[in-house]
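Note on naming: letters A, B, ... go to the chains in the order of the sequence lines (proteins, then strands), and numbering restarts at 1 for each one.
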There are 2 protein chains.
Amino acid sequence: MKEILNYKHLHYFWAVAREGGVNRAAERLGMSAQTVSGQVSKLEHALGKALFTQQGRNLVLTEAGRVALQFADQIFMLGESLQETLEDDTLGSTVRLAAGITDVLPKTVSYRLLEPVLGGEQRVRLVCTEGAFDELLAELALHRLDVVLADRPVPAGGQQPFVSTLMARCPVMIFGTAKLCSQYREDFPHSLSRAPMLLPTRDNVLRSQLEQWFEEQNIKVDIVGEFEDGALLKTFGRQGVGLFPAPSFQVDDITRQFEVEVVGEVTGVYEHYYAIANRRKLQHSAVETLMRSATEPHER
Amino acid sequence: MKEILNYKHLHYFWAVAREGGVNRAAERLGMSAQTVSGQVSKLEHALGKALFTQQGRNLVLTEAGRVALQFADQIFMLGESLQETLEDDTLGSTVRLAAGITDVLPKTVSYRLLEPVLGGEQRVRLVCTEGAFDELLAELALHRLDVVLADRPVPAGGQQPFVSTLMARCPVMIFGTAKLCSQYREDFPHSLSRAPMLLPTRDNVLRSQLEQWFEEQNIKVDIVGEFEDGALLKTFGRQGVGLFPAPSFQVDDITRQFEVEVVGEVTGVYEHYYAIANRRKLQHSAVETLMRSATEPHER
DNA sequence: ATAAACACTACGGTTTATTCGAACAATTAT
DNA sequence: ATAATTGTTCGAATAAACCGTAGTGTTTAT
């Protein structure tokens, strides 16, 4: 266990280094020189290194001291900055919520999940970032994000600094153009055998679930395309290249936008959406309301 | 006068925010919860803003709290980093001296000025940066440089955070190829009338001094080139394009390197070299020896 | 040579800050 | 309802910081 740095001592050290002497520093600080000298000595002892050496009747920074000064400069700059920022700000009137959204998430889903925080009594300013799952988690750990929305939870380790909350599970449908639909709607799902199919790439959670489902149904589809980007996949589907699966709370979200129709539902398969936040630190009021808004099976 | 931020309080706040509660934080800190709670309250009072609000039986960060947490993250990251850096390092065996060199300074002069610090009893690692005068001063103010070498002092204001020390003054000679020399050496300096001349640009201090000298000597030279870069100027001079002035401690520095000869000395004109450091903080042992090595210490 | 400036140390006493224990209030789980 | 968990408030005890005064040593200015 390491001792925590004494920032008061560091502050005196900083003053001495900047003013160029114990006496000048003490005067500026409104203190006696003995005290300042003593406190700096304690710091040196705590760090195990001399910060100054006496040269003639002045002090001179040692190499360690010069390193320490660099850090101290930054530290106390930040301290002042903190005070100033909190001082004059119009904070509190609006709450800022930094949300990271995994790029595999459909936009409409993102909106549905985040909607509850906007409806609260307090004004919320939403700051949305998109990115890869791992990148977003890193940002989350650094407190640069308040919450991450994803299609999978974190592996739930005991020492994990994150908590995942299941926000919703969304039924998965198979869509296609009107022409394709009329061809495959009958005798769904067995009609899908040999059907031309557009699927997400293998890194997508939905993909493996779908393959398992095909297996169970004893269907062997004809994969005519794989896509990383969900929107691109749907665009190809719209042109009638093949049938495609998509999660959907309300079918008309997709049928309207992409001018397609529903072939059928992938029974028993759901896409799950999770909100991930810093463990034990659900301390963002907006994150709290978000997590609370988690809905159980959202069947319609 | 503003109160200095209490970093101990901030540290407790930080722990509470990270652990997600006063109790957990207190446990980890090895303290009682009452203490932590009280200290955080003091911080809130000092900042004039609530950092937490009670929501149910948990704490939740306010917007101000979230801002504070961002700063605290950085601050204590730096604190730890400081300790680690000082801990295991081989510091002290060698001293690092970050010197900024104004790009108008001749390299040989730079070397001559910096040489004394290398000869000290302590090993010195020299880190040289080149740049414009103003840029280097900015770096100096931020403690990113320890000293700046220039051909001019800072304007010496009372509130100025810098001190300039005259390190040396260097006589100025006129050089030229052997052929040109033989043509103009006789009756120097009056022979220079109409002589082809290469001069530094007007931003150079030496330039105005030279023009004044020409005026005094009642000489009107023929300026065939102006150069920002001293080395480029000399290279042109080497080719016999014209005569050129150059400061020189030892004439053979230039005569040998550029295969030229001396036409004559610019009497009464000297180039001055200054070392500029942070005021009251000549606290770098290497800077001290540097300043001491000045031919005529010139405090202003 | 002498005085002034600067820094470090030591010790007793004072002031301020930190800390804990106990009691209290609010919320959630059983 | 009761117990468990969480956070806060209130003195009293403890620890740290701080100030005098006083003495030592060094270097620089006169």
Item to complete: For B:Phe13 and D:dT8, give me the distance from atom CZ to atom C1', rounded to whole Å.
Response: 18 Å
Practice prompt. Using whole Å, report how far CG of B:Asn58 lies from C1' of D:dT8.
Written response: 15 Å
Discussion item. Tell me every residue that passes side-chain contact (heavy atoms from CB on, under 4.5 Å) with A:Ala275, counting only those two or more places apart in sequence or in another chain.
Written reply: A:Val147, A:Leu149, A:Met167, A:Leu290, A:Met291
Practice prompt. Could you state the atom-to-atom distance from CZ of A:Phe52 to C1' of C:dC6 in whole Å?
Written response: 14 Å
Practice prompt. Working to the nearest 0.5 Å, report the span between OG1 of A:Thr102 and CG of A:Leu137.
Written response: 8.0 Å
Worksheet item: For the pair made of CZ in A:Arg24 and P in C:dA7, what is the distance, rounded to whole Å?
Response: 6 Å
Worksheet entry | All pairs passing ring pair (Phe, Tyr, Trp, His ring centres under 6.0 Å) where residues 57-88 of chain A contributes a residue, at least two apart | A:His11-A:Phe76, A:Trp14-A:Phe76, A:Phe76-B:Tyr7
Worksheet item: How long is the gap from CE on B:Met77 to CG on A:Leu142, to the nearest 0.5 Å?
Response: 6.5 Å
Discussion item. Measure CG/A:Leu51 against P/C:dC8 and give the value in whole Å, please.
Written reply: 12 Å
Worksheet item: How close or far is atom P of D:dT9 from atom NE2 of B:His45, stated in whole angstroms?
Response: 12 Å
Practice prompt. Apply side-chain hydrogen bond (donor to acceptor under 3.5 Å, both in side chains) to B:Asp151 and list each qualifying residue two or more places apart in sequence or on a separate chain.
Written response: none
Fill in: Test salt bridge (Lys or Arg N to Asp or Glu O under 4.0 Å) applied to B:Glu27 and B:Arg24, step by step
CA-CA 5 Å; B:Glu27 189 183 359; B:Arg24 282 184 287 269; over 6 Å; no
Can you pull every protein N or O that's under 3.5 Å from an N or O on nucleotides 25-30 of chain C?
none

Item to complete: For the pair A:Ile276 and A:Val163, evaluate side-chain contact (heavy atoms from CB on, under 4.5 Å) and give the outcome as yes or no after the intermediate values.
Response: CA-CA 6 Å; A:Ile276 306 168; A:Val163 286; over 6 Å; no
What N/O pairs connect the protein and nucleotides 13-20 of chain C at under 3.5 Å? Give each pair on its own line.
from	atom 1	to	atom 2	distance (Å)
C:dT18	OP1	B:Asn6	ND2	3.4
C:dT18	OP2	B:His9	NE2	3.0
C:dT18	O5'	B:Gln39	NE2	3.3
C:dT19	OP1	B:Tyr12	OH	3.2
C:dT19	OP2	B:Tyr12	OH	2.8
C:dC20	OP2	B:Ser32	N	2.9
C:dC20	OP2	B:Ser32	OG	3.1
C:dC20	OP2	B:Thr35	OG1	3.2

Worksheet entry | For B:Ser32, all residues meeting side-chain contact (heavy atoms from CB on, under 4.5 Å), sequence neighbours excluded | B:Gln34, B:Thr35
